[in-house]
There are 2 protein chains.
Amino acid sequence: MSDQLKLDTFICFAVYTASHAFNRVYKPLLDELGLTYPQYLAMVCLWEEDGQTVGGLGEKLFLESSTLTPLLKRLETAGYIRRERSKQDERVVVLRLTEEGKRLQERAETVPGCIIDASGHDADQLARLQAEIIALREALNKSAS
Amino acid sequence: MSDQLKLDTFICFAVYTASHAFNRVYKPLLDELGLTYPQYLAMVCLWEEDGQTVGGLGEKLFLESSTLTPLLKRLETAGYIRRERSKQDERVVVLRLTEEGKRLQERAETVPGCIIDASGHDADQLARLQAEIIALREALNKSAS
DNA sequence: GGTTTTTATATCGCACACGACATATTATGG
DNA sequence: CCATAATATGTCGTGTGCGATATAAAAACC
């Protein structure tokens with residue numbers, strides 16, 4: 001048996017399963033809003049700054065256009081955003097919140113608190129852990145690029 | 001603007017993007033072995049203990065049969081495992097490594113070291129961080145159940 | 001200014017991931 | 001012993017994710 005090939009020792013596996021665990025906690029909350037988790041992230045991004053492009057959103061979310069385009073079309077079908085070609089540069093698609101999309105933000109404001117409660121940690125612990133996970137992510141992204 | 005609805009403050013988003021970052025680092029390494037990342041996890045699990053059931057693997061990997069069955073069929077098609085109904089209990093499917101599946105372990109032994117290198121952390125830092133992420137996962141799973 | 005290159009988005013194929021449901025087998029209770 | 005419940009796996013539909021490729025528009029370069 002290898003010294004290294006043990007699931008228990010894989011931090012990647014801890015991250016992978018923690019990501020699924022977050023999804024399970026989010027699911028009932030986001031069902032209320034008619035959003036999936038990645039759709040929720042896109043909406044959070046647009047609530048922070050309306051009128052972003054597909055590419056800009058992709059950079060913030062670390063997602064390709066092949067992932068975002070169908071997701072954004074579903075948000076458009078749901079009535080939360082509009083996708084408009086830019087007049088200045090016809091290659092670019094600008095994303096704009098609809099009135100319904102803006103109203104959704106109010107209903108979403110209770111979500112982060114529920115997640116923090118479910119995490120069983122206080123805000124300081126979470127912030128510290130988050131910073132470490134981001135440092136790990138940046139090291140991995142640097143190595144993969 | 002909400003106090004809470006900011007992507008920067010979401011630990012879930014850090015975990016979600018870190019998980020993707022791991023995948024990007026693993027991809028070229030696992031391509032050599034003809035495995036995807038979830039398939040690799042399943043193989044690691046079977047290298048640790050051959051002859052496990054679908055359900056047993058699912059408990060360890062936190063995956064449903066609806067995810068595992070197609071994945072395991074692909075591993076069978078690739079020639080790495082066999083899926084056999086148990087004689088004692090015909091409901092159960094037992095997973096057994098083929099000779100090729102066993103040989104693959106040797107080629108996989110260099111992978112964990114590459115991942116540790118790419119993480120930019122030493123083994124102690126990773127172990128400490130892993131323990132914290134697992135604690136977070138357990139709290140989330142407890143809350144969701 | 002017309003050709004080439006770059007850029008932004010979209011499409012397609014493949015592989016997860018899960019909830020809801022189906023099927024088959026075993027266990028249970030009268 | 002027979003009906004019912006519980007268990008293990010599988011199927012199906014929906015929604016990611018991404019690599020490879022396509023398309024169209026803008027930029028760069030003779």
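Atoms considered below: every heavy atom in the structure, side chains included; atoms not considered: hydrogens, waters and symmetry mates. Here the structure is a predicted model, which means the values were calculated and not measured. Naming: A, B, ... by sequence-line order, numbering from 1 per chain.
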*Asks:* May I have the distance from A:Arg85 (atom CZ) to D:dA26 (atom C1'), rounded to whole angstrom?
*Replies:*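 Nearest whole value for this atom pair: 13 Å.
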
*Asks:* Does A:Arg83 make a side-chain N or O approach to OP1 or OP2 of C:dA10 shorter than 4.0 Å?
*Replies:*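 Yes, A:Arg83 has a side-chain N/O under 4.0 Å of OP1/OP2 on C:dA10.
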
*Asks:* Please tell me if B:Arg74 has a side-chain N or O lying less than 4.0 Å from either OP1 or OP2 of C:dC16.
*Replies:* yes

*Asks:* Can you classify the ring geometry of A:Tyr37 versus B:Tyr16 as parallel (below 30°), tilted (30 to 60°) or perpendicular (above 60°)?
*Replies:* perpendicular

*Asks:* In whole Å, what is the span from the NZ atom of B:Lys73 to the P atom of D:dG10?
*Replies:* 6 Å

*Asks:* Using atom CD of A:Glu64 as one end and atom P of C:dC14 as the other, report the distance to the nearest whole Å.
*Replies:* 19 Å

*Asks:* Rounded to the nearest angstrom, tell me the gap between atom OH in A:Tyr40 and atom P in D:dT16.
*Replies:* 15 Å

*Asks:* Should A:Tyr16 be listed as having a side-chain N or O under 4.0 Å from OP1 or OP2 of C:dA17?
*Replies:* yes

*Asks:* Give the rounded distance in Å between these two atoms: CZ of B:Phe62 and C1' of C:dC16.
*Replies:* 18 Å

*Asks:* May I ask you to say whether A:Lys6 pairs ionically with A:Asp8, meaning some side-chain N is under 4.0 Å from a carboxylate O?
*Replies:*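 Looking at A:Asp8 together with A:Lys6, the answer is no, because their closest N to O distance does not fall below 4.0 Å.
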
*Asks:* Would B:Asp124 and B:Arg128 pass as an ion pair if we require N to O under 4.0 Å?
*Replies:* no

*Asks:* Verify the contact: side-chain N or O of A:Gln39 to OP1 or OP2 of D:dT16, cut-off strictly under 4.0 Å; return yes or no.
*Replies:*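 For D:dT16, OP1/OP2 do have a side-chain N/O of A:Gln39 under 4.0 Å.
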
*Asks:* Using a 4.0 Å heavy-atom cut-off across all strands, classify A:Leu68 as base, sugar-phosphate, or nothing.
*Replies:* nothing

*Asks:* Could you check how far CG of B:Leu61 sits from P of D:dT9, rounded to whole Å?
*Replies:*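 Computing the B:Leu61:CG to D:dT9:P distance gives 13 Å.
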
*Asks:* So does A:Thr36 get a side-chain nitrogen or oxygen closer than 4.0 Å to the phosphate oxygens (OP1/OP2) of D:dT16?
*Replies:* yes

*Asks:* I'd like to know if A:Arg91 reaches the base of C:dT9 with its side chain, counting only an N/O donor and acceptor under 3.5 Å.
*Replies:* no

*Asks:* Could you give me the CA-CA distance, side-chain angles and deciding distance for A:Thr98 and A:Glu100, then say whether side chain to side chain donor-acceptor pair (under 3.5 Å) is met?
*Replies:* CA-CA 5 Å; A:Thr98 62; A:Glu100 197 182 347; 5.2 Å; no

*Asks:* Separation of B:Leu35 atom CG from C:dC14 atom C1', in whole Å?
*Replies:* 15 Å

*Asks:* Within this structure, what is the OH-to-P distance between A:Tyr26 and C:dG19, rounded to whole angstrom?
*Replies:*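 Rounded to the whole Å, the gap is 17 Å.
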
*Asks:* What about B:Ser66, does its side chain sit under 3.5 Å from the base of D:dG10 through a donor-acceptor pair?
*Replies:*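 Side chain to base: no pair below 3.5 Å.
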
*Asks:* Heavy-atom nearest nucleotide on DNA chain C for A:Asp89 versus A:Lys27: which residue maps closer to 5'?
*Replies:*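 Looking at DNA chain C, the more 5' nearest nucleotide goes with A:Asp89.
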
*Asks:* When you get a sec, tell me which of D:dA8, C:dT9, C:dC16 is the closest nucleotide to the side chain of A:Thr53?
*Replies:*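 So the nucleotide nearest the side chain must be C:dT9.
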
*Asks:* Verify the contact: side-chain N or O of A:Ser65 to OP1 or OP2 of C:dT9, cut-off strictly under 4.0 Å; return yes or no.
*Replies:* no

*Asks:* Between B:Phe10 and A:Tyr40, how do the two ring planes meet: parallel, tilted or perpendicular, split at 30° and 60°?
*Replies:*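 B:Phe10 vs A:Tyr40 ring planes: parallel.
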
*Asks:* Closest nucleotide of DNA chain D for A:Glu90 versus for A:Pro38: which of these residues is on the 5' side?
*Replies:* A:Pro38

